[in-house]
Amino acid sequence: MTIWSALLMVLGVLWLAQIVGTYFQMRHYRRVLGRITERYSEGYVGVGNSRTRFGKGVILILVVDSKGVIIREALRMKGMTVFARFKRCSALEGLDLEKIKNGGEPLMDRSTALAAQRAIEQIERISEERGRQLVSGQAKK
């Protein structure tokens, strides 16, 4: 076996390990999202992400009531590997969407703030499709 064959074999094994790790991470994502949608029958769920070329990516799940206030759950997955898992982001829980949208929350890092913006955009799109509009913390019909 030449060095090139061994190197290709190692790369193949690493690639396979990444595929398996990605499978388990996506399974974790689906389970967390399924648990959230079972637990909260009213309100909205928004998912936002932020990727960086070099550094940690963020996926943020926000559960919002119909009044536009983040209720019991704000979950963040932050990391560079497939071993990252969702953790509670209690700094965002109980805050008004407008405060986060307007950048009034200095506790968030840049990646989390971008993921929050994208999650809020998704929540606003869903609320508009349902015929409601969220305006400064109040839902209008």
Side-chain angles (χ1 to χ4, degrees), residues 1-140:
M1 183 183 259
T2 66
I3 191 158
W4 291 110
S5 298
L7 196 64
L8 284 174
M9 182 76 75
V10 168
L11 287 174
V13 168
L14 290 174
W15 187 38
L16 185 62
Q18 180 183 9
I19 290 170
V20 170
T22 301
Y23 167 78
F24 283 109
Q25 189 175 46
M26 290 305 297
R27 189 173 81 169
H28 171 70
Y29 172 80
R30 285 190 301 269
R31 283 183 179 171
V32 168
L33 204 53
R35 181 182 55 83
I36 285 174
T37 54
E38 282 179 13
R39 183 180 290 172
Y40 301 105
S41 59
E42 293 182 11
Y44 305 98
V45 176
V47 180
N49 70 336
S50 171
R51 288 190 244 171
T52 58
R53 177 170 261 172
F54 300 108
K56 296 179 178 182
V58 174
I59 297 176
L60 188 66
I61 299 175
L62 300 178
V63 180
V64 180
D65 68 1
S66 59
K67 293 180 179 142
V69 177
I70 298 172
I71 52 177
R72 297 181 192 134
E73 299 226 31
L75 301 170
R76 177 176 60 184
M77 181 190 302
K78 184 176 183 177
M80 296 188 304
T81 68
V82 294
F83 300 111
R85 296 290 179 252
F86 280 104
K87 295 179 182 164
R88 237 176 125 178
C89 187
S90 58
L92 298 178
E93 294 175 356
L95 294 179
D96 190 280
L97 279 184
E98 286 298 316
K99 183 175 184 179
I100 296 171
K101 187 177 177 180
N102 295 329
E105 188 50 49
L107 300 174
M108 290 188 288
D109 57 83
R110 193 169 160 186
S111 295
T112 303
L114 181 57
Q117 292 291 331
R118 291 178 176 165
I120 291 169
E121 289 170 6
Q122 185 181 44
I123 290 168
E124 289 174 340
R125 272 195 312 272
I126 292 168
S127 68
E128 287 173 9
E129 288 172 6
R130 291 184 183 174
R132 304 188 106 197
Q133 184 177 7
L134 300 176
V135 178
S136 64
Q138 300 294 326
K140 290 191 174 183

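- From L92, atom CG reaches atom CG of L97 across 10.5 Å, with rounding to the nearest 0.5 Å.
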Anything under 3.5 Å between a donor and an acceptor, one on a side chain of residues 22-33, the other on a protein residue two or more places apart or in another chain? List them.
unit_1	atom_1	unit_2	atom_2	d
T22	OG1	Q18	O	2.8
Q25	NE2	A84	O	3.4
H28	NE2	F86	N	3.2

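- Looking at heavy atoms from C-beta onward, L114 lies in side-chain contact with R118 at the 4.5 angstrom threshold.
- Proximity of V45 to I126: side-chain heavy atoms (C-beta onward) are nowhere separated by under 4.5 Å.
- Taking a cutoff of 4.0 Å between a charged side-chain nitrogen and a carboxylate oxygen, D109 and K78 qualify as a salt bridge.
- Of all non-hydrogen atoms in A116 and L62, the two that sit nearest each other are O-CD1, 4.3 Å.
- Summarising the local packing, CZ of R51 is surrounded by 12 or fewer heavy atoms from other residues, nucleotides or ligands at distances under 6.0 Å.
- A search for salt bridge (charged side-chain N to carboxylate O under 4.0 Å, His left out) contacts involving R35 returns E73, not counting sequence neighbours.
- Atom OG1 of T37 sits about 11.0 Å away from atom CZ of R39, to the nearest 0.5 Å.
- Within a 6.0 Å sphere centred on CG of L7, other residues, nucleotides and ligands contribute more than 12 heavy atoms.
- Rounded to the nearest 0.5 Å, atoms CD1 (I100) and CG (L95) are 5.0 Å apart.
- Taking NZ of K87 as the reference point, atom CG of L75 lies at 12.0 Å (rounded to 0.5 Å).
- In this structure, the side chain of R76 does not engage the main chain of C89 through any donor-acceptor pair within 3.5 Å.
- The side chain to side chain donor-acceptor pair (under 3.5 Å) check on S5 picks up T2, with sequence neighbours excluded.
- Nearest heavy-atom pair, S50 versus S111, reported as atom, atom and distance to 0.1 Å: CB-O, 3.2 Å.
- The two residues L60 and T112 make their nearest non-hydrogen contact at CD2-O, 4.0 Å.
- Separation of atoms CD1 (I61) and CD (Q122) is listed at 10.0 Å; rounding is to 0.5 Å.
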